[in-house]
Every structure is written in structure tokens, then in C-alpha cells.
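In what follows, a structure is listed as C-alpha cells, so that the remarks can point back to it.
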Amino acid sequence: MSELEDLYREVILDHNKNPRNFAELDDADRTIEGVNPLCGDKLTLYVKLDGDRIADIGFKGTGCAISVASSSMMTERVKGATIDEGLQLFDTVHRMLAESELDETALMELGKLAALSGVREYPSRVKCASLAWHALKTALNDSTESVSTE
Ligand code: FES
């Protein structure tokens, strides 16, 4: 295993063990339910907005290590970001999970989130990593629809 893969693995293990923002928000403006029907795992995403900014964000649910780590990393990254920045990041993460190569600009934008890039080698895991991001996109688009990875 390369040093970079080692580092990526560490990041994912850390976020799975100590998920950031693992909390329900009582005063959330948007609450989105997500499910991965393949395994039955569930996620609820809470977003509190202040104008066009994500003032606070939290999640609850059950999922595998990739799912929890991805949710945790997503919330850590977008807290304080604008709605547009969150949607832009969704697009880049989606490209990272769906395409093989990303350009330098996209990699710079991803930063630590690039730790999730190894997941694309395992198609069933892509859904685990995507769930929280689809929930984010739905929340930021002001939709109340629930999200499914199918
Ligand atoms: Fe269920 Fe990954 S196996 S979310």
C-alpha cells in the first residue's frame, strides 16, 4: 500500500471512529432522510442556514465505515460554506466517485476529501460514500424529497 493510500485509510478510519457533527439539530431549517436500499442503512441530515450560508450541519444514522466517514467529512467541510460552494463541492465529489482521473484544480478543491477517491474501485461502496452528498444536494436545493442511492 502506498503512503498516500495509507494516509487516506487513516483519514477514513478516524472519521468513522470519531464522526464530526454526529448530532441532531433541533433548529434545522432543512431535514433530509436518506437511505441506501442495497444495505438498508439510513441517514438523516440536518442543515441550519443563515442567509445563503450553512451555519450548522449535523447527521444521524447507521451505516458502514465509508458511509459514516463520508458523512462526517462532508459536514466538517461544508459547515460555514455558502449554498453555492456546497453545491459546487457536491459536483466535484460526484466526479471523483464516478470518474477515474481528476485535474489538479479539482484535487486542490477536494483536499482531504480525496481520501474517498479509493472507493470508486468498489462500485457498491460508491453508494455508501455518495449518500450524504446526495442528501446535502437535496437540502441545499430546498427540496424535502427523501434520498435513495438507487
Ligand atoms: Fe450500508 Fe455502506 S454498506 S452504507
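Just so you know, these numbers come straight off a predicted model, no measurement behind them. The chain is numbered in sequence order, starting from 1. Counting starts at 1 for both ligands and their atoms, following the listed order.
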Next on the checklist: Between Phe59 and Phe22 (judged by ring centroids, cut-off 6.0 Å), do the two rings come close enough to count as a pair?
Outcome noted: yes

Item to check | Proximal ligand 1 atoms for Cys128, defined as those under 4.0 Å from one of its heavy atoms | outcome: 2 (Fe), 3 (S), 4 (S)

Checklist entry - Is the distance between atom 2 (Fe) of ligand 1 and the nearest N/O/S atom of Cys64 smaller than 2.8 Å? => result yes

Checklist entry - Judged by non-hydrogen atoms, does Ile66 sit under 4.0 Å from ligand 1? => result no

Checklist entry - Is there a donor-acceptor pair under 3.5 Å between the side chain of Arg20 and the backbone N or O of Ser72? => result no

Next on the checklist: Does Lys60 have more than 12 heavy atoms from other residues, nucleotides or ligands lying within 6.0 Å of its NZ?
Outcome noted: yes

Checklist entry - Considering only N, O or S atoms, which atom of Asp41 is nearest to atom 1 (Fe) of ligand 1? => result OD2

Checklist entry - Counting each atom of ligand 1 from 1 as listed, which ones have a heavy atom of Cys39 under 4.0 Å away? => result 1 (Fe), 3 (S), 4 (S)

Next on the checklist: Which residue in the set Asp91, Leu89, Asp103, Val93 passes side chain to side chain contact (heavy atoms under 4.5 Å, CB included) when paired with Glu109?
Outcome noted: Leu89

Checklist outcome for this item: If we number the atoms of ligand 1 from 1 as shown, the ones under 4.0 Å from a heavy atom of Asn36 are 4 (S)

Checklist entry - Is ligand 1 under 4.0 Å from a heavy atom in the side chain of Arg125, in the backbone, in both, or in neither? => result side chain

Item to check | For Arg125, all residues meeting side chain to side chain donor-acceptor pair (under 3.5 Å), sequence neighbours excluded | outcome: none

Next on the checklist: Looking at Asp50, I want to see if its CG is surrounded by more than 12 non-hydrogen atoms of other residues, nucleotides or ligands under 6.0 Å.
Outcome noted: no

